[in-house]
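Bear in mind that the values here come from a model prediction, so they are computed numbers and not experimental data.
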Amino acid sequence: MLKRGSIVLSIWSGINFLLAAAILSSVVIFNANSPLLVMVFDKSEIASLDAKVIASLNALTILYNSCSVGLSVLVWLIIRKSLIASQKWAFWVLLFVIGFVEVMAFIASAEVGNVRWQVNVLQSVLYLVGIGLSGYSLFKGDKK
């Protein structure tokens with residue numbers, strides 16, 4: 001079960017990494033606006049926004065997604081190097097760090113009308129299944 005839990009948590013990390021890297025690439029490399037802009041506002045509302053508001057939203061998007069890419073890589077490394085080796089500290093770190101991120105994702109999404117609830121639910125299910133399987137294996141003695 002530890003291996004299955006690690007695989008599910010790795011999938012969480014991979015999806016998180018790919019989404020953040022794609023958004024980061026679109027804003028930084030292709031000079032696009034934050035995807036959140038079109039998810040929250042319609043075209044007429046976007047046209048009426050001050051350029052400083054859009055630039056601020058783009059800056060926050062770059063900051064958030066660069067942190068998300070880094071977190072995804074660190075989570076993956078902890079899974080591959082420590083959790084799979086049955087080190088309990090890795091379980092506790094992943095439980096609290098990913099759990100905190102998941103709770104904050106729902107709180108942030110609620111502020112803008114839950115526009116990305118599908119991603120939040122998918123990521124939360126992966127987190128709960130992965131951490132549940134890993135925790136059961138580590139603390140109930142099933143190390144497979």
Review point. Shared ILVMFWY cluster between L71 and V93, side chains joined below 4.5 angstrom?
Key: yes

Practice item. Report whether V129 and L94 are members of the same hydrophobic cluster (ILVMFWY, side-chain heavy atoms less than 4.5 Å apart, transitive linking). Key: yes

Check your understanding: Taking D42 for the side chain and E45 for the main chain, is one N or O donor matched with an acceptor at less than 3.5 Å?
Key -> yes

Point to revise | Same apolar cluster (I L V M F W Y, side chains within < 4.5 Å links), I79/I11 | key: yes

Point to revise | Spacing of I7 atom CD1 and L126 atom CG [to the nearest 0.5 Å] | key: 12.5 Å

Revision key, fill the gap. Rounding to 0.5 Å, atoms OG (S6) and CD1 (I78) come to a distance of 12.0 Å

Review point. Considering all heavy atoms of both residues, which atom of G130 and which atom of V8 are nearest to each other, and what is their separation?
Key: N-CG1, 3.6 Å

Practice item. Give, for atom CG of L95 and atom NZ of K88, the distance between the pair rounded to the nearest 0.5 Å. Key: 14.0 Å

Review point. What about W12 and V73, same hydrophobic cluster or not, with Ile/Leu/Val/Met/Phe/Trp/Tyr joined at side-chain heavy-atom distances under 4.5 Å?
Key: no

**Study point:** L2 vs L133 side-chain heavy atoms within contact, under 4.5 Å
**Key:** no

Practice item. Measure from the side-chain N and O atoms of Y64 to the backbone N and O of A20, and report whether any donor-acceptor pair falls under 3.5 Å. Key: no

Check your understanding: If you link I, L, V, M, F, W and Y whenever their side-chain heavy atoms are under 4.5 Å apart, who else ends up in the same group as I107?
Key -> F100, V103, M104

Check your understanding: Can you tell me how far CG of L9 sits from OG of S134, rounded to the nearest 0.5 angstrom?
Key -> 5.0 Å

Practice item. Measure across T61 and S34 and return the closest heavy-atom pair with its distance rounded to 0.1 Å. Key: OG1-OG, 2.7 Å

Check your understanding: Hey, does W117 have a side-chain heavy atom less than 4.5 Å from the side chain of F106?
Key -> no

Point to revise | Spatial distance of atom OG (S66) from atom CD1 (I23) [nearest 0.5 Å] | key: 12.0 Å

Check your understanding: L49 versus L37: any side-chain heavy-atom pair under 4.5 Å?
Key -> yes

Review point. Between V38 and L60, is there a shared hydrophobic cluster once you connect ILVMFWY residues whose side-chain heavy atoms come closer than 4.5 Å?
Key: no

**Study point:** Evaluation steps, side chain to side chain contact (heavy atoms under 4.5 Å, CB included), between M39 and V112
**Key:** CA-CA 9 Å; M39 295 170 78; V112 290; over 6 Å; no

Study note, to complete from the structure: Rounded to the nearest 0.5 Å, the CG atom of N65 sits from the CG atom of L19 at a distance of 8.5 Å

Exercise for review: Just do the side chain to side chain contact (heavy atoms under 4.5 Å, CB included) check on N33 and V27 with the steps written out, would you?
Suggested key: CA-CA 6 Å; N33 285 325; V27 175; over 6 Å; no

Review point. What closest approach, in Å, do I84 and K3 show between heavy atoms, and which atom pair accounts for it?
Key: CD1-CA, 4.0 Å

Point to revise | Heavy-atom pair with the smallest gap, counting every atom of N120 and E102 | key: O-OE1, 3.7 Å

Revision key, fill the gap. Of all heavy-atom pairs linking F91 and I131, the shortest is CE1-O, 3.3 Å

Point to revise | Minimum-distance pair of heavy atoms, taken over all atoms of V69 and A21 | key: CG2-N, 3.8 Å

Exercise for review: For the residue pair Q87 and W92, confirm or rule out a side-chain donor-acceptor distance under 3.5 Å.
Suggested key: no

Check your understanding: N16 and S72: side-chain donor and acceptor closer than 3.5 Å?
Key -> yes

